[in-house]
Student: 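Please read through the structure below; I'll follow up with questions.
What you see is a predicted model; the values in this text were computed from it and never measured. Naming convention: chains lettered A, B, ... in sequence-line order (proteins, then strands); numbering from 1 in each chain. Worth knowing before you read on, the calculation uses all heavy atoms, side chains too, and leaves out hydrogens, waters and symmetry mates.
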Amino acid sequence: MPVARPEQQQPRVIAHVDMDCFYVQVEQRRNPALRGQPTAVVQYNDWKGGGLIAVSYEARGFGVKRSMRGDEAKRVCPGINLVQVPVARDKADLNLYRSAGSEVVAILASKGKCERASIDEVYLDLTDAAKEMLLQAPPDSPEEIFMEAAKSNILGLPSDASEKEKNVRAWLCRSDADYQDKLLACGAIIVAQLRVRVLEETQFTCSAGIAHNKMLAKLVSGMHKPAQQTVVPSSSVQDFLASLPVKKMKQLGGKLGSSLQDDLGVETIGDLLSFTKEKLQEQYGVNTGTWLWKIARGISGEEVEDRLLPKSHGCGKTFPGPKALKNSTSVKGWLDQLCDELSERIQSDLNQNKRIAQTLTLHARASKENERDLAKKFPSKSCPLRYGTGKIQEDAMKLFESGLQDFLESQNTGWIITSLSVTASKIFDIPSGTSSILRYIKGHSPAASPAIPDSSSVPEDPSLGDVP
DNA sequence: CATTATGACGCT
DNA sequence: AGCGTCAT
């Protein structure tokens, strides 16, 4: 459940940057013939043409949607180009998009605190940079506002007018603005510059929201897409939230949002204002109740974390329908493939970023062969992570066997596996100092805690770059 | 048994 | 540690 963070006092300048149909853009850069064409990226294509995971704006114009099947997309948009996600080890391989995302992050991290929120989204805290601009080079004439910034959308400014760009230029350098708005205007200019740099250096367009907190920045980053940005002045917040459907708010797209609608009759964020903090806390607990009360007022103290890299690495695959795995041999084969990819990814993380993962977790979905036991879930299992492909494969298989025992509860029924995944987590930076490395090895050596009780494994030499 | 593959995070 | 929710 969402939790309210203590709110900041000083005004901050926060941006949320969101790449436009990112996987499509990555494929369009690889094959420029796809530019400006209705295009989608699909995962696999043997069953109903594959599943769409990204759709270009041209294709969206035909009604093509994410999660449609390739066949369906072809029906509504016969001219659509369907590009397949690369396949490696018989599974979808997203590394191409991960590295493209890293290119973008490297640029966006140059002007302030930057948080990688997903493969194609970041949050920026531009407070310091905005203050700096206000002191050193405040925008003061409409003519000097460069084009990308002048194309901003400012919430609360009349957007229909033919005068729009003029109004925006005027707003961005308004001398009678309060301090908050001036900071926001500087933030908008900085973000426009960053977006131009991203385009120049990667060929990717993105959209952005600029506001005083993460919640508001995220809410509007997608409001004007593609390749545009939207600013949320404080004065526009209440009206904006008043009519915002609850389901549009981050964290309210699921069961909590449904409960607000069904149990409290709340349809918009504005409707939340009629409930006291105590009433919301009584209904949803102190944490969630307080959070709801605050977001209704546009308050969100969540900070931008200084983090450019993911906190975990996972590899998984589903085995739907007749593809379900029915014996340990096929599970072993797939687990080996997943672990091979995972091993490669954590080894790269170690080599490139000097980070080490400490926990290996196995997840699976299973059913008992023809039984009615739908509720029973396959338990997830974890153990200390030992580097080396063979060791990861070995440990993952042991985790699977352990989970399977719990799942079957010593019954002798058949089983099928419909999904498998392995995840490496609890990733830490390796201390750089020589003596700290020694300290690090002493305290964290896997030898101190065997991966699996009674493991009879033989030491092996990882083929691809071990710890130096 | 067909919205995949991946991630973050809160609760217990 | 393991489970559930949410997002895209």
Student: Would you indicate, yes or no, if B:dC9 has its OP1 or OP2 atom less than 4.0 angstrom from a side-chain nitrogen or oxygen of A:Lys311?
Tutor: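 Yes, A:Lys311 has a side-chain N/O under 4.0 Å of OP1/OP2 on B:dC9.
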Student: C:dC3 phosphate, OP1 or OP2: any side-chain N/O from A:Ser380 under 4.0 angstrom?
Tutor: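 Answer yes for this pair, as a side-chain N or O of A:Ser380 is under 4.0 Å from OP1 or OP2.
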Student: Verify the contact: side-chain N or O of A:Arg98 to OP1 or OP2 of B:dA5, cut-off strictly under 4.0 Å; return yes or no.
Tutor: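 It does not, given that no N or O in the side chain of A:Arg98 lies less than 4.0 Å from OP1 or OP2 of B:dA5.
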Student: Could you check how far NZ of A:Lys317 sits from P of B:dA5, rounded to whole Å?
Tutor: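 To the nearest whole Å, that distance equals 5 Å.
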Student: Counting side-chain heavy atoms from CB outward, which of C:dG2, B:dT6, B:dC1 is closest to A:Lys381?
Tutor: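 The listed nucleotide nearest to A:Lys381's side chain is C:dG2.
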Student: In whole Å, I'd like the distance from the CD atom of A:Glu72 to the C1' atom of B:dA2.
Tutor: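 Result: 13 Å.
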Student: Any side-chain N or O of A:Lys255 below 4.0 angstrom from OP1/OP2 of C:dT5?
Tutor: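 Result: yes.
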Student: Distance check: side-chain N/O of A:Ser312 vs OP1/OP2 of B:dA8, anything under 4.0 Å?
Tutor: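 Affirmative; the distance criterion is met.
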Student: Compute the centroid of each ring, for A:Phe62 and then for A:Tyr57, and state whether the two points are separated by less than 6.0 Å.
Tutor: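 No, too far apart.
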Student: Verify whether one side chain among A:Arg197 and A:Ser110 offers a donor that lies under 3.5 Å from an acceptor in the other.
Tutor: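 Yes, because at least one side-chain N or O of A:Arg197 sits under 3.5 Å from a partner of the opposite role on A:Ser110.
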Student: Would you please indicate if the ring centroids of A:Phe22 and A:Tyr97 are separated by under 6.0 Å?
Tutor: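 Not under 6.0 Å, so no.
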Student: Given atom CZ of A:Phe378 and atom P of C:dG4, what is their separation to the nearest angstrom?
Tutor: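 That distance rounds to 14 Å.
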Student: Among C:dT8, C:dA1, B:dC11, which is the nearest nucleotide to the side chain of A:Asn287?
Tutor: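 It is B:dC11.
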Student: Is any side-chain nitrogen or oxygen of A:Arg5 closer than 4.0 Å to OP1 or OP2 of B:dC9?
Tutor: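 No, no such contact exists.
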Student: Could you state the CZ-C1' distance from A:Arg69 to B:dC1, rounded to the nearest angstrom?
Tutor: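 In whole Å, B:dC1 C1' and A:Arg69 CZ are 11 Å from each other.
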Student: Just checking A:Lys218: base, sugar-phosphate only, or nothing, at a heavy-atom cut-off of under 4.0 Å?
Tutor: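 Sugar-phosphate, backbone atoms only, no base.
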Student: Please check the phosphate of B:dA5 (OP1 and OP2 only) for any side-chain N or O of A:Tyr44 closer than 4.0 Å.
Tutor: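 A:Tyr44 to B:dA5 OP1/OP2: side-chain N or O found under 4.0 Å.
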Student: Is it true that A:Glu409 and A:Lys376 make a salt bridge, defined as a side-chain N closer than 4.0 Å to a carboxylate O?
Tutor: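 The answer is yes: the pair qualifies as a salt bridge.
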Student: Picking from B:dC11, C:dT8, B:dT6, which would you name as closest to the side chain of A:Lys91?
Tutor: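 Looking only at heavy atoms from C-beta outward on A:Lys91, the closest nucleotide is B:dT6.
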Student: Indicate, with a heavy-atom threshold strictly under 4.0 Å, whether A:Leu252 touches base, sugar-phosphate, or nothing.
Tutor: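 Sugar-phosphate, no base atom in range.
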Student: Pairing donors with acceptors under 3.5 angstrom, does anything connect the side chains of A:Gln261 and A:Glu267?
Tutor: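 Distance-only check passes for A:Gln261 and A:Glu267.
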Student: Are A:Arg307 and B:dA8 close enough that a side-chain N or O sits under 4.0 Å from OP1 or OP2?
Tutor: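 Answer is yes, contact under 4.0 Å.
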Student: Counting just side-chain N and O atoms, does A:Thr318 come under 4.0 Å of either OP1 or OP2 of B:dA5?
Tutor: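 Checking A:Thr318 against B:dA5: at least one side-chain N or O falls below 4.0 Å of OP1 or OP2.
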Student: Contact class for A:Leu256 (heavy atom, under 4.0 Å): base, sugar-phosphate, or nothing?
Tutor: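 Sugar-phosphate, no base atom in range.
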Student: Nearest to the side chain of A:Val3, which nucleotide is it out of B:dG10, B:dC9, C:dA1?
Tutor: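 Of the options given, the side chain of A:Val3 lies nearest B:dG10.
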Student: Taking for each residue the nucleotide of DNA chain B with the nearest heavy atom, is it A:His313 or A:Ile53 whose nucleotide lies nearer the 5' end?
Tutor: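 Whichever sits nearer the 5' end wins; that is A:Ile53.
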Student: Expressed as a whole number of angstroms, how long is the span from A:Asp120:CG to B:dA5:C1'?
Tutor: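 Answer to the nearest Å: 13 Å.
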Student: State which of C:dA7, B:dA8, B:dA2 makes the closest approach to the side chain of A:Lys250.
Tutor: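 Looking only at side-chain atoms, A:Lys250 lies closest to C:dA7.
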Student: Please walk me through it: do A:Phe400 and A:Phe407 pass ring-ring contact (aromatic ring centres under 6.0 Å, His included)?
Tutor: CA-CA 10 Å; A:Phe400 173 78; A:Phe407 178 70; 9.5 Å; no
Student: Any chance you could lay out the ring-ring contact (aromatic ring centres under 6.0 Å, His included) test for A:Phe319 and A:Trp334, step after step, and finish with the verdict?
Tutor: CA-CA 10 Å; A:Phe319 308 94; A:Trp334 280 107; 5.2 Å; yes
Student: Nearest heavy atom decides the nucleotide; on that basis, is A:Asp93 or A:Gly321 closer to the 5' end of DNA chain B?
Tutor: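 It is A:Gly321 whose nearest nucleotide is closer to the 5' end.
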Student: Which nucleotide in the list B:dT6, C:dT8, C:dA1 gets nearest to the side chain of A:Leu94?
Tutor: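 Selected nucleotide: B:dT6.
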Student: Nearest to the side chain of A:Pro322, heavy atoms from C-beta on, is which of C:dA7, B:dT4, B:dA2?
Tutor: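 Side chain of A:Pro322 sits closest to B:dA2.
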Student: What is the distance, rounded to the nearest whole Å, between atom CD of A:Glu302 and atom C1' of B:dA8?
Tutor: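 It is 11 Å, rounded to the nearest whole Å.
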Student: With a non-hydrogen cut-off below 4.0 angstrom, is A:Gly314 in contact with a base, only sugar-phosphate, or nothing?
Tutor: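 Answer is sugar-phosphate: A:Gly314 comes under 4.0 Å of backbone atoms only.
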Student: So if I take every side-chain heavy atom of A:Thr418 and compare against B:dC1, B:dA5, B:dT6, which nucleotide ends up nearest?
Tutor: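 Nearest to the side-chain atoms of A:Thr418, counting from C-beta on, is B:dC1.
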Student: Which whole-number value in Å describes the distance from A:Arg116 CZ to B:dG7 C1'?
Tutor: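 It works out to 8 Å between those atoms.
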Student: Please report the distance, rounded to the nearest Å, between NZ in A:Lys426 and P in B:dG7.
Tutor: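 For the pair A:Lys426 NZ and B:dG7 P, the rounded distance is 17 Å.
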Student: May I ask you to say what A:Gln251 touches in the nucleic acid, namely base, sugar-phosphate or nothing, with a heavy-atom cut-off under 4.0 Å?
Tutor: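 Counting heavy atoms under 4.0 Å across all strands, the contact made by A:Gln251 is with sugar-phosphate only.
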